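Protein chains get the first letters and strands the later ones, always in sequence-line order, with residue 1 at the start of each. Because the structure is a prediction, the values reported are computed rather than measured.
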Amino acid sequence: MSDDVRVRAAPAPSGSLHVGNVRTFLYNWLHARHTGGKFVLRIEDTDTSRFTEEAYHAVLEDLRWLELDWDEGPEVEGPHAPYRQSQRTDLHKRAAEQLLADGAAYRCYCTKQELDERRQQAMAEKRRPGYDGRCSRLTAGQIEAFEAEGRASVVRVRVPNVGQSTYEDLVIGEVKTDLEQIDDFAIVRSDGAPLYHLAVVVDDGMMQINHVIRGDDLLSNTPKQILLHAALGNPVPRFGHLPQVLGPDRKPLGKRHGSTSIADFREAGYLPDALVNFLALLGWGTADDTIMNREDLIARFKIGDVHPSPAMFDTKKLDWMNGEYIRLLSDDELTRLVTPFYLKAGLIGESPSPQEQAKIEAATPLIKTRIRRLDEASALVRGLFGRVDIDQQAGAKVLGADHVGELFTRTTQALGAVQPWDKENVEAALRAVAEEMGLKPRTAFAPFYVAVSGSTVSAPVFDLMTLIGRDECLARIALAQEFSRALQA
RNA sequence: GCCCCCAUCGACCAGCGGCCUAGGUCUCCACCCUUUCAAGGUGGCAACACGGGUUCGAAUCCCGUUGGGGGCACCA
């Protein structure tokens, strides 16, 4: 039982999750699923001023969208509830009292101002700017005097200043820290609010988390947490530190890199499976396989194989991979997924008519190999849902050619005779005209792309023409004919 | 200033002392296919940061340099 892996994700709810954090959660999730352990979700919402209920729900929604399911946590609950840190402060305070009683911690009466001054002085003298531990040496009389004075105090942990803290990191390997480098850190604020290190350690301990996998920005804090676990009498969990996810400028991925939240990726038309696959490969990989579904990932992922060096978030590869996943979709699935994007692009209304619905479905096989993100689809099939203004550049480039007038005239005649109006016949008619005029296919058909789609880039034109019908086709060709004449004049 | 972590093609990974003439994927380039754009197929360019060791043998182990990142809070 106690051998079962228990990991956790501990997001601070500040809106839609950032891809870097998601990668961390994913690795926790994969580690839990690979080992048959439990994945716990705990919301670290202690800083109530910064976090909203809305942001909290956004986090849960992101995880659900990504299909990273949690075994214990908000809404599913579990034996270690509550799973919101803000509801656990009493537990944290009690732990602090215990540490105080055991002598593992002490009250520090230095004021914020005093600490700031000393820190600045230390910096000026090029010394390490940490706390010097003076309140740990207070006499009973001095403490009494401070208390009588009504001085506020923080609670600090006594950290020995000799010796080393050593642990075996799951991804980095052995990590040694001289305890001299760690000063007596605060665990409770002067207003009584428990601080981060206390809260995590207490919660991880009570929730029996035995593998802590997190970003390496917490690496140098790990000895503190190991100390705290020991002081609290907890079994010390194993730690694994994941390197940063970098932006294209090789700086840690952040807000200034633009759209990096899960909500952004969802809106741009990335699929959760693609994102999961891609993120899994950011810091880990196999010799041969790139496209791996969740089962593959779970089967092959080993936390010990994670690369200890930082990885750059490369959108190009994500785009490619997303395209691969789109092509893996059935037509029905793809239709269902792109429809909201057509709505957003204004191609269709809230509740499409049967005719519109038929077009939506007919468009799917036409876009499937042509998009890498769902939001790219509407541009390719816009002409299917209504007339599109001719793009000036495309028009000038294609419709200005000498053969265009005759091509349009002859084609109009040919299309008038097509019977029945289906793709084979439409295509045959156009090819026949091209051949009569001795035109290469690409020069013969380009004008029709512009006439029908307004652009030279779109879904295949024979399909579009067939779908919009003869009358509409002839009308658009007539319009393009005018455009062409205007150019000649 | 002090401490810690990291270092293979442009990018992501493989490599755990000989299988390495360093492999795969994305990107890029060329060609093929082709109604545009894609998709698909074939081929190509491209890397062990540097310097010292250890060893019969090093991309792999050790040390240093350089470069990148993180930390040193009554933030998380």
Can you give me every donor-acceptor pair (side chain of residues 245-253 of chain A, partner residue at least two apart or in another chain, under 3.5 Å) with its distance?
from: A:Asp249; atom 1: OD1; to: A:Lys251; atom 2: N; distance (Å): 3.1
from: A:Asp249; atom 1: OD1; to: A:His257; atom 2: NE2; distance (Å): 2.7
from: A:Asp249; atom 1: OD2; to: A:Arg256; atom 2: NH1; distance (Å): 3.4
from: A:Asp249; atom 1: OD2; to: A:His257; atom 2: NE2; distance (Å): 3.3

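- In this structure, A:Arg410 pairs ionically with A:Glu436, as a charged nitrogen and a carboxylate oxygen lie closer than 4.0 Å.
- Near RNA chain B, meaning a heavy atom under 4.0 Å away, there are no residues from residues 236-243 of chain A.
- For A:Tyr196, there are no ring pair (Phe, Tyr, Trp, His ring centres under 6.0 Å) partners two or more places apart in sequence or in a different chain.
- Comparing A:Asp178 and A:Tyr196 by the nucleotide of RNA chain B whose heavy atom lies nearest to each, the residue mapping closer to the 5' end is A:Asp178.
- Taking a pair to require two hydrogen-bonding distances under 3.5 Å in either a Watson-Crick or a G-U wobble arrangement, B:G1 pairs with B:C72.
- Residue-level contact check: A:Gly283 touches the backbone only, with heavy atoms under 4.0 Å from sugar-phosphate atoms and none from bases.
- Side chain of A:Asp216 to backbone of A:Leu219: no donor-acceptor contact under 3.5 angstrom is found.
- B:C45 and B:C2: their C1' atoms are spaced 45 Å apart (whole Å).
- Between A:Lys368 and A:Glu324 there is no salt bridge, since none of the side-chain N atoms of the basic residue sits less than 4.0 Å from a carboxylate O of the acidic one.
- Comparing the P positions of B:C26 and B:G40 gives an interatomic distance of 9 Å, to the nearest angstrom.
- Aromatic ring pairs are classed by plane angle as parallel below 30°, tilted from 30° to 60° and perpendicular above 60°; the pair A:Tyr109 and A:Phe146 is parallel.
- A:Thr286 comes within 4.0 angstrom of sugar-phosphate atoms only, judged by non-hydrogen atoms across all strands, and of no base.
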What nitrogen or oxygen pairs link the protein and nucleotides 67-74 of chain B at under 3.5 Å?
from: B:G69; atom 1: OP1; to: A:Lys251; atom 2: NZ; distance (Å): 2.4
from: B:G69; atom 1: O2'; to: A:Gln244; atom 2: NE2; distance (Å): 3.4
from: B:G71; atom 1: O4'; to: A:Ser220; atom 2: OG; distance (Å): 3.3
from: B:G71; atom 1: O2'; to: A:Ser220; atom 2: OG; distance (Å): 3.3
from: B:C72; atom 1: O2'; to: A:Arg128; atom 2: NH1; distance (Å): 3.4
from: B:A73; atom 1: OP2; to: A:Pro129; atom 2: O; distance (Å): 3.1
from: B:C74; atom 1: OP1; to: A:Arg119; atom 2: NH2; distance (Å): 3.2
from: B:C74; atom 1: OP2; to: A:Arg156; atom 2: NH2; distance (Å): 3.1
from: B:C74; atom 1: O2; to: A:Ser190; atom 2: N; distance (Å): 2.9
from: B:C74; atom 1: O2; to: A:Ser190; atom 2: OG; distance (Å): 2.9
from: B:C74; atom 1: N3; to: A:Ser190; atom 2: OG; distance (Å): 2.9
from: B:C74; atom 1: N4; to: A:Cys110; atom 2: O; distance (Å): 3.3
from: B:C74; atom 1: N4; to: A:Lys112; atom 2: N; distance (Å): 3.4

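- One P atom belongs to B:G18, the other to B:A30, and the distance between them is 40 Å to the nearest Å.
- A salt bridge links A:Glu114 to A:Arg151: one of the charged nitrogens lies within less than 4.0 Å of a carboxylate oxygen.
- Using a cut-off of 4.0 Å between Lys/Arg side-chain N and Asp/Glu carboxylate O, A:Arg431 and A:Glu435 are scored as not salt-bridged.
- When the C1' atom is used for both B:A7 and B:U60, the distance is 14 Å, rounded to whole Å.
- Salt bridge A:Asp375/A:Arg373: present, at least one basic N to carboxylate O contact under 4.0 Å.
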With a 3.5 Å cut-off and sequence neighbours excluded, list the donor-acceptor pairs that the side chains of residues 279-292 of chain A form with protein atoms.
from: A:Thr286; atom 1: OG1; to: A:Asp289; atom 2: N; distance (Å): 3.1
from: A:Thr286; atom 1: OG1; to: A:Asp289; atom 2: O; distance (Å): 3.1
from: A:Asp289; atom 1: OD2; to: A:Arg300; atom 2: NH1; distance (Å): 2.6

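- No hydrogens or angles considered: a donor-acceptor pair under 3.5 Å links the side chains of A:His241 and A:Thr222.
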Pick out the pairs of N or O atoms, protein on one side and nucleotides 35-40 of chain B on the other, that lie under 3.5 Å.
from: B:U35; atom 1: OP1; to: A:Arg431; atom 2: NH2; distance (Å): 2.5
from: B:U35; atom 1: O2; to: A:Tyr449; atom 2: OH; distance (Å): 2.1
from: B:U36; atom 1: OP1; to: A:Arg442; atom 2: NH1; distance (Å): 3.3
from: B:U36; atom 1: O2'; to: A:Thr456; atom 2: O; distance (Å): 2.5
from: B:U36; atom 1: N1; to: A:Tyr449; atom 2: OH; distance (Å): 3.3
from: B:U36; atom 1: O2; to: A:Thr456; atom 2: O; distance (Å): 3.1
from: B:U36; atom 1: O2; to: A:Ser458; atom 2: N; distance (Å): 3.0
from: B:U36; atom 1: O2; to: A:Ser458; atom 2: O; distance (Å): 3.0
from: B:U36; atom 1: N3; to: A:Tyr449; atom 2: OH; distance (Å): 3.4
from: B:U36; atom 1: N3; to: A:Ser458; atom 2: O; distance (Å): 2.6
from: B:U36; atom 1: O4; to: A:Arg370; atom 2: NH1; distance (Å): 3.0
from: B:U36; atom 1: O4; to: A:Pro460; atom 2: N; distance (Å): 3.2
from: B:C37; atom 1: O2; to: A:Arg370; atom 2: NH1; distance (Å): 3.4
from: B:C37; atom 1: N3; to: A:Arg370; atom 2: NH1; distance (Å): 2.3
from: B:C37; atom 1: N4; to: A:Arg370; atom 2: NH1; distance (Å): 3.2
from: B:A38; atom 1: O2'; to: A:Thr369; atom 2: O; distance (Å): 2.4
from: B:A38; atom 1: N3; to: A:Thr369; atom 2: OG1; distance (Å): 3.1
from: B:A39; atom 1: O4'; to: A:Thr369; atom 2: O; distance (Å): 3.1
from: B:A39; atom 1: O3'; to: A:Arg327; atom 2: NH1; distance (Å): 3.4
from: B:G40; atom 1: OP1; to: A:Glu324; atom 2: OE2; distance (Å): 3.3

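- Figure legend. B:U42 is base-paired to B:A30; pairs are counted as Watson-Crick or G-U wobble with both atom distances under 3.5 Å.
- If you take NZ of A:Lys317 and C1' of B:C13, they are 6 Å apart, rounded to a whole angstrom.
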